[in-house]
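Just below is one structure, and these are the notes that go with it.
Because the structure is predicted, anything quoted here is derived from the model rather than measured. Note that ligands are numbered from 1 as they come in the structure, with each ligand's atoms numbered from 1 the same way. Counting from 1, the numbers follow the sequence of the chain as shown.
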Amino acid sequence: MKYIDEYRDPGIAKALVAEIRQRTTRHWVLMEICGGQTHTLMRYGIDELLPEAVELVHGPGCPVCVTPLETIDHAIELASRPDVTLVSYGDMLRVPGSQSDLFRVRAAGGDVRIVYSPMEALKIARQNPQRQVVFFGIGFETTAPPNAMAVWQAQREGLRNFSMLTSHVLVPPAIRLLLGSSRNRVQGFIAPGHVCTVMGFRQYEELARDFHVPIVVGGFEPVDLLEAINMLVAQLEAGRTEVENQYARSVSRDGNVPAQQLMESVFEVCDRKWRGIGTIPQSGYRIREEFAAHDAEQVFGFSQHGVEEPAECVSAEVLQGLKKPPDCTVFGTRCTPENPMGAPMVSSEGACAAYYHYRRNAL
Ligand code: SF4
């Protein structure tokens, strides 16, 4: 297959569904890690086409959803300062912090700007030397290379008024945590194709070996996901636990080595708190000491405070595949995209937003 239409071809999809139905002999629980994949599954009704015995649960791969409340509060604190321009991807503006959100700060006069790339934030810093420009750099391994590039470039140019508030997280340690939990139900994983485009899939081979679990690197179109599910079911039915690559048009085993080298030069691996889940050892990136002049945490310093999630929000369990959004008592009533109580309802990649938009088991 060469063109995007082929990955949305109803005939190919129908044939894959038939194949999955034909080979499934027992109940299997599969998790797609990435929120983008969750939205494709919901948008195209793939979960409803599968045999009942193939159950899909949704993983923690939504960067907005796992960014800790404290970090959002730090962004709000920065955006409220008269000397700071806070630059962010649009998704983050509506994510509620403990007291407010970035939209409200902007409405109250804060200088909050939306961009599509950290390089735009660099441009804003160059054009406004009298202001401190802070880029809110969150995400998985996918967004880490451009963020690393922005920090590297700022250092190279001596752009002292540019810094980054980072909350980067890494997928394999989160899968390891899920698989090590006594509550885990997941028997096979669809690994995120975009993350593996950067990182390759050697780390997933370790996970498959350590936990005897099949993992298929999957893409984002409906046929990609059906093919990945078919490959997982085939492995499970045959008792195999390997890593296979469905997304071979983008992913190689070693990934993008120059991008990895750039990331390693700017970031170092650290323990990282995931919203709702808690601290996962060695699951994030922080800016290396050599680039401290561009690390917003070091430039500004933040008060440390613990922040509780709203009691009703079960996003932690949703993000670990233990519950589905309609299991939440306030789903679609007190929690909607217009009035979100938790990040999975705000983000364009959040599982709660996916169920709400595509009206699954709702209301
Ligand atoms: S529906 Fe809202 S409150 Fe419930 S888990 Fe999802 S984000 Fe949290």
Please list, in chain and residue-number order, the protein N/O/S atoms closer than 2.8 Å to atom 2 (Fe) of ligand 1.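 Per the 2.8 Å query on atom 2 (Fe) of ligand 1, atoms found are C335 SG.
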Check: H194 ring centroid to Y247 ring centroid under 6.0 Å: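 No; Y247 has its ring centre 6.0 Å or more from that of H194.
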May I ask you to say whether E55 pairs ionically with R185, meaning some side-chain N is under 4.0 Å from a carboxylate O? yes
One pair to check against ring-ring contact (aromatic ring centres under 6.0 Å, His included): Y355 and H58. What are the steps and the verdict? CA-CA 11 Å; Y355 273 72; H58 318 299; 5.3 Å; yes
Find out whether the Lys NZ or Arg CZ of R113 is both under 6.0 angstrom from the six-membered ring centre of F135 and within 45° of the ring's axis.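 Checked: cation-pi criterion not met.
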Expected output: side-chain N245 to main-chain V251 donor-acceptor under 3.5 Å: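 Flag set: sc N245 to bb V251 pair under 3.5 Å.
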Distance check, rounded to the nearest 0.5 Å: E244 atom CD versus Q246 atom CD? 10.5 Å
